[in-house]
Amino acid sequence: MALVVHMLILVGVVLLHVAYATYFERKVIGHMQVRMGPTRVGPLGLLQPIADGIKLFFKEDVIPGCADRTLFYAAPIICLVAAMANLAVLPFASGLVLAKINIGLLFVFAMSSLASYGVVLAGWASNSKFSFLGGLRSMSQVISYEIALGLSLVGVMMMAGSLDLSEIVAAQQQSRFGIYAIPQFLGFFVFVVAMLAETNRAPFDLPEAESELVAGYFTEYSGIRFSLFFMAEYIGMLVMASIATICFLGGWSGPFAVPHVPFFWFAAKIYGIMFFYFWLRATLPRYRYDQLMSLGWKVLIPLALLNIVVTGFVKTIF
Amino acid sequence: MMGTEFRNLAVPVRDGESELFTVQMGPQHPATHGVLKLNLWMDGETVVRCDPDAGYLHRGFEKIAENKTYAQFLPLTDRLDYISAMANNVGYCVAVEALLRIEVPLRAQYIRTMVAEMARITGHLLWLATHALDIGAMTVFLYCFRERGLLLDLFEELSGARLTTTYTRIGGVRQDVTARAMEKLARFVEEFPSRIAEYETLIDTNRIWLKRTKGIGCVSAEQAVQLGFTGPSLRASGVDYDVRKHRPYCAYDKVQFEVPIGVNGDVYDRYRCRMEELRQSALIIRQCLEQLPPGAIVADNAPDLVMPLARPRQPMAGSSLATGYIELVPNNDVYPEGDVYVSIEGSKGELGFYFVSDGGGRPYRMHIRSPSYIHIGGLATVCEGVLVADVIAIIGSLDVVLGECDR
Amino acid sequence: MTVQQILFFYFATVIVLLSLGAVTMRNSVYSVLMVLAMFFHMAGIYLTLNAEFLAAVQVVVYAGAVLVLYLFVVFLVNLKQEARITRFVKHPALGGVMAGALFLMLLFAFGSFSLGPQGAWPVAAIEEATFTRALAMELFTRYLLPFEVVGLILLIAVVGGIVLAKREESQEGAGRETAGSSITRGEA
Amino acid sequence: MEPLAIAEKIKNQFPAEVIEVVESRGQVGVIVAREQIGAMCRWLKDEPELRMDHLLALCGVDYVAKNGTYEVVYNLCSIPLRHMIRLRARVPADDCRIDSVTCLWRGADWLERECFDLLGIVFDGHPDLRRILLPEGWEGYPLRKTYPLRLPAEQEWQGYVQLKELSRELSRFDFYSDMLSNQAKAGANEAKK
């Protein structure tokens with residue numbers, strides 16, 4: 001029973017976070033672009049995400065005539081489920097985790113590879129060429145960058161000696177620098193780049209490149225189904241930011257303990273990474289598809305392999 | 001299009017002669033700058049063939065012009081390249097004045113030069129904004145609109161409208177510039193180069209930007225001339241052709257400026273050319289402000305217009321201002337027979353008007369040589385064998401406006 | 001019945017049903033999805049056996065990579081033509097006989113199953129050390145040589161695949177150029 | 001080079017082709033016959049003294065009421081030598097054909113298509129001569145002087161008539177209540193298939 005309550009709390013908190021991540025994004029990018037961002041709905045525009053949510057919920061749900069209905073319905077749900085399932089294994093603070101499993105990191109990989117099915121099926125089921133191309137792009141992008149993502153974390157696994165996320169944090173606290181981002185700087189770099197690609201964010205937002213593919217795989221989606229994709233994307237960002245925090249930035253540990261808020265540092269680090277996401281989006285142009293692929297295969301994967309080799313050597317020598 | 005007998009198929013169907021994936025990009029598409037439609041035949045993401053389909057915005061301007069007086073057609077020129085309507089006004093009036101042999105006073109010439117350059121800046125700014133957005137850099141968009149807004153404010157002060165200005169008149173301009181507006185303009189020109197530097201810091205040294213633009217959509221000098229490209233799209237290929245220098249109009253022979261020339265003719269060079277042109281335009285405006293002579297703003301022998309001019313004048317023979325209508329009697333003195341082709345350097349390229357007059361008060365034939373039309377015509381050649389993402393970059397770099405293309 | 005047994009029977013039944021679905025589905029995309037769901041249920045079986053590492057790898061590798069490539073292929077082949085084919089082989093009855101014989105053989109072999117000798121890792125030891133650790137310790141100590149050999153074979157396969165793909169690509173590239181230029185000629 | 005001198009040169013080179021040289025507002029137009037237009041343009045483009053490499057504009061003019069011809073007007077200019085000339089090729093109204101110059105200027109492709117679209121002049125040798133600005137299936141050539149500004153209702157272009165009918169139909173359409181019945185209809189159709 002307690003588990004159900006915890007789950008509901010977690011889902012509620014995360015959905016609220018998603019809503020306000022969009023607000024945060026619009027404010028951040030707004031100020032970077034010499035404008036204000038939302039200001040009208042509520043004080044400082046704080047009710048804007050709520051209004052958006054209500055609007056999306058009540059919008060007409062258009063389904064293209066020749067779409068494959070079953071998969072068209074299923075695709076956004078697959079995406080959302082895959083993103084949300086990750087939340088279960090994330091430790092937000094010491095002991096504050098829904099399901100402490102000893103393959104937490106692998107579970108996250110498994111779920112993120114599942115998310116690509118949602119995307120590619122959305123593209124296929126819409127029976128629209130823009131969607132289809134977006135879906136194909138996303139599929140190959142996610143497969144390629146998942147390799148780099150996984151390899152970049154191997155160094156962390158080697159240093160921590162565990163796949164359990166909580167244990168990784170614990171091992172990190174005992175390590176010399178307190179965070180793995182310093183000894184694993186190469187891995188961290190690869191991870192950050194692959195993380196952007198994995199969540200389809202700028203400058204790797206090709207699957208939904210609006211200038212070429214209209215909106216990529218969710219071109220044909222509207223209303224609540226569109227918002228499911230939207231939520232999945234933001235939860236995906238949150239999960240990736242959490243993984244970065246847990247594996248490289250020392251998780252919930254900070255320079256000093258904040259009383260009564262055990263997850264303070266965790267949240268602060270996540271929001272820092274989210275800010276980084278938005279900052280990049282406001283600054284960088286978009287890669288071209290083949291450039292993205294060659295970056296992934298020819299730069300990131302070799303770098304990640306190098307990182308593994310170096311980590312292995314260092315670990316055996318010292 | 002593919003068959004629909006098997007409903008659930010969204011796959012490229014490989015049967016018979018076409019092994020290619022066809023995509024109809026547009027007419028409603030965020031990156032086709034209006035209502036352009038591209039039929040693309042793709043092999044994977046490589047465009048094997050591109051067939052642009054224009055005409056969605058065709059309004060029959062040339063037919064309309066044959067049934068309107070010269071002055072009546074003027075507001076319609078705003079709707080050509082609606083991004084920089086001022087330049088169209090200038091081009092149309094310069095052409096009509098050449099046809100009707102009207103001498104425009106010097107002050108009006110300078111004002112026209114000034115507004116044409118302002119229009120070029122607004123046009124280029126919008127181009128930069130949308131081009132950067134196409135490539136994915138969204139912040140430049142809003143920076144450009146900040147400066148564009150300032151210029152549109154000035155247009156509003158000059159003409160009363162921000163977009164469809166109809167500011168020039170046959171024989172001059174609608175009304176004289178105000179000191180306040182000129183002060184604002186001077187301030188703008190002073191500040192503008194630093195703003196350009198700001199845009200450049202955002203994208204010029206960005207590796208992704210360079211990767212997306214350098215070596216993409218190369219057009220050789222010979223090819224560009226062959227395709228009839230004009231304006232920055234031609235000059236980026238290294239061809240020194242600028243109507244302002246070749247056949248000076250307005251006050252362009254009285255101001256100093258340089259024409260930036262590119263080398264490779266790729267998307268990046270077209271971008272660089274336009275950025276340099278922004279600087280040169282600011283320079284021209286500054287010179288115009290310094291040199292702006294006093295005097296009349298409308299020629300004495302300008303034909304009467306439906307709208308009153310700034311200065312009350314005697315109605316000319318053959319018209320009656322009192323009733324507000326123009327009596328169109330064939331009058332070889334006012335509307336001499338003959339034809340003329342006059343072009344100006346619009347922000348997109350050479351905007352030309354070919355007029356045939358038969359002595360009546362209306363054009364016998366008017367042809368608009370619009371740069372966008374010719375650029376889109378050349379798109380098929382440039383887009384062959386590039387990736388679909390590059391098509392977007394190329395459309396953006398050629399800078400087309402469909403209002404002007406389809407007329 | 002214990003919870004484990006219930007789970008096992010659930011997973012086993014669903015796996016059988018999904019496998020049947022995968023081969024009988026008319027639409028190959030649905031077939032692939034059936035296989036996807038089947039992989040998840042197989043991962044479930046691994047979980048009931050405490051082999052959580054295998055379960056995760058099953059999902060990551062098979063569902064996340066292999067099957068996605070299948071989906072790719074299915075998208076790119078001509079489904080329209082495939083869908084028209086009612087029979088892939090000339091004599092389906094013969095195939096039926098062979099399948100039936102195989103099934104019978106398995107059924108007879110089923111009776112002679114017996115548990116093998118206990119290894120160095122009894123269940124309690126695995127639960128204590130966690131499966132991942134146990135697997136790694138076995139793999140990198142006792143079975144290091146076979147592990148390395150398998151790695152080498154895979155490496156050769158990867159290199160071979162790249163070489164083959166590279167050659168085809170260069171030929172294809174040449175072909176594409178001629179196709180493009182023929183279109184140019186057509187237009188000029 | 002002065003425009004009149006260019007006209008003189010053309011006259012010397014193609015004496016049989018040049019019908020008239022007209023000066024207007026300092027610009028010179030050479031009225032020529034249509035037969036040798038390709039050769040003439042090629043010569044203008046290649047002649048080292050002229051080098052008319054840039055086709056400024058190409059358009060048609062309807063002079064049928066005046067002398068029974070259409071004219072295809074080529075405004076040429078030389079980018080390196082900075083001079084321009086206008087060729088006006090006469091095309092008889094009863095045989096509306098002229099050779100295409102797309103092999104000289106690829107940019108002429110769309111200009112000729114436009115000319116065909118709006119005036120009905122056929123360009124022989126054009127790779128892809130079809131309507132461009134007007135929709136396919138449009139009847140008539142609007143820039144001809146005989147083309148009326150407004151047609152009687154029964155002669156209107158079918159595409160426009162259909163569009164009007166459709167919009168009239170849709171203006172009555174109550175999307176919300178009809179949606180369900182339409183879905184039911186679609187379902188029935190599907191079942192039939």
Side-chain angles (χ1 to χ4, degrees), chain B residues 5 7 51-58 60 62-64 66-67 98-101 222-230 234 239-241 245-247 336-343 350 352-358 364-370 373-378 380-381 405-407, chain D residues 22-27 29 45 53-63 65-66 71 73-86 88 102-115 117-119 128 131-136 138 142-145 147 149 190 193:
Chain B
E5 58 173 291
R7 288 184 62 239
D51 176 27
D53 187 357
Y56 285 90
L57 210 58
H58 181 58
E62 294 179 10
K63 185 74 176 174
I64 293 171
E66 288 174 16
N67 298 284
L99 185 76
L100 306 186
R101 297 195 182 111
E222 193 197 0
Q223 209 181 3
V225 175
Q226 267 254 327
L227 288 169
F229 283 7
T230 45
L234 176 68
V239 181
D240 184 8
Y241 175 70
K245 290 279 189 196
H246 269 64
R247 299 187 288 280
E337 267 183 68
D339 57 347
V340 72
Y341 173 84
V342 176
S343 55
E350 177 175 348
F353 291 88
Y354 176 67
F355 277 105
V356 180
S357 163
D358 63 347
Y364 182 74
R365 171 86 168 92
M366 184 193 72
H367 174 69
I368 305 168
R369 183 241 193 257
S370 61
Y373 184 74
I374 292 167
H375 287 160
I376 294 176
T381 316
C405 170
D406 294 345
R407 287 155 293 163
Chain D
V22 214
E23 198 185 356
S24 160
R25 280 77 166 165
Q27 297 180 356
K45 200 181 166 192
D53 51 359
H54 184 38
L55 178 68
L56 286 171
L58 187 157
C59 66
V61 187
D62 179 353
Y63 286 114
K66 207 166 143 198
E71 269 181 16
V73 183
Y74 303 81
N75 281 293
L76 302 175
C77 118
S78 165
I79 291 173
L81 302 176
R82 300 194 176 196
H83 53 221
M84 57 187 278
I85 191 80
R86 181 154 52 241
R88 293 164 55 180
T102 42
C103 51
L104 294 171
W105 295 283
R106 285 196 70 175
D109 181 345
W110 273 37
L111 294 168
E112 286 179 354
R113 266 177 80 183
E114 183 193 341
C115 197
D117 191 7
L118 301 178
L119 270 147
D128 184 25
R131 292 226 180 250
I132 181 161
L133 292 176
L134 301 180
E136 275 165 37
W138 188 273
L143 275 184
R144 290 185 172 176
K145 291 284 174 193
Y147 193 91
L149 275 181
E190 232 167 76
K193 272 176 198 166

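Keep in mind that this is a model prediction, so the values were computed, not measured. All chains are named by letter (A, B, ...) in the order of the sequence lines, taking the proteins before the strands, and each is independently numbered beginning at 1. As a basis for the values below, the full set of heavy atoms in this structure was taken, side chains included, without hydrogen atoms, waters or symmetry mates.
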Checklist entry - To the nearest 0.5 Å, how far apart are OH in D:Y147 and CD in B:E66? => result 13.0 Å
Checklist entry - So how far is it from D:C59 SG to B:R369 CZ, rounded to the nearest 0.5 Å? => result 12.0 Å
Checklist entry - Is chain B contacted by the side chain of D:L119, its backbone, both, or neither, given a heavy-atom distance below 4.5 Å? => result side chain
Item to check | Considering all heavy atoms, the nearest B:C405-D:L133 contact | outcome: O-CD2, 4.3 Å
Next on the checklist: Between B:Q226 and chain D, with a heavy-atom cut-off of 4.5 Å, which part of the residue counts as in contact: side chain, backbone, both or neither?
Outcome noted: both
Item to check | Which atoms of B:A54 approach chain D - backbone, side chain, both or neither, heavy atom under 4.5 Å | outcome: both
Item to check | Side chains of D:H54 and B:T230 in contact at under 4.5 Å (non-hydrogen atoms) | outcome: yes
Next on the checklist: Heavy-atom pairs under 4.5 Å with chain B - which of D:D62, D:V22, D:L55 has more of them than the others?
Outcome noted: D:D62
Item to check | Salt-bridge contact B:R365-D:E71 (side-chain N to carboxylate O under 4.0 Å) | outcome: no
Next on the checklist: Could you check whether any side-chain heavy atom of D:I79 comes within less than 4.5 Å of a side-chain heavy atom of B:L234, counting everything from C-beta outward?
Outcome noted: yes
Next on the checklist: Under a 4.5 Å cutoff for heavy-atom pairs, which residue among B:G377, B:G338, B:A98 has the most contacts with chain D?
Outcome noted: B:G377
Checklist outcome for this item: Under 4.5 Å to a heavy atom of chain D? For B:E222 that would be neither
Checklist entry - Given that the side chain runs from C-beta out, which part of B:Y56 has a heavy atom under 4.5 Å from chain D: side chain, backbone, both or neither? => result neither
Checklist entry - Top residue by heavy-atom pair count (under 4.5 Å) with chain B, among D:L56, D:L143, D:N75, D:L118? => result D:L56
Checklist entry - How about D:M84 and B:H246: do any of their side-chain heavy atoms sit closer than 4.5 Å? => result no
Item to check | Interatomic spacing from CD in D:E114 to CD1 in B:I374 - rounded to 0.5 Å | outcome: 9.0 Å
Checklist entry - How far does CD1 of D:I132 sit from CG of B:D406, to the nearest 0.5 angstrom? => result 8.5 Å
Checklist entry - Checking heavy atoms, do the side chain of B:I376, its backbone, both or neither come under 4.5 Å from chain D? => result both
Checklist entry - Looking at B:D358 and D:K66, does any basic side-chain N land under 4.0 Å from a carboxylate oxygen? => result no
Checklist entry - So, do D:V73 and B:Y341 sit near enough that their side-chain heavy atoms are less than 4.5 Å apart? => result no
Checklist entry - What is the minimum heavy-atom distance between B:R247 and D:C77, and which atoms define it? => result NH1-SG, 3.8 Å
Next on the checklist: So which residue, D:R131, D:R88, D:R113, ends up with the most heavy-atom pairs under 4.5 Å with chain B?
Outcome noted: D:R88
Checklist entry - Can you tell me if B:Y373 uses its side chain to pair, donor with acceptor, with the backbone of D:W110 under 3.5 Å? => result yes
Item to check | Nearest heavy atoms of D:W105 and B:V225, plus distance in Å | outcome: CD1-O, 4.5 Å
Item to check | Proximal component of B:V340, with respect to chain D [non-hydrogen, under 4.5 Å] | outcome: both
Item to check | Closest-packed option against chain B by number of heavy-atom pairs under 4.5 Å, given D:T102, D:L111, D:D117 | outcome: D:L111
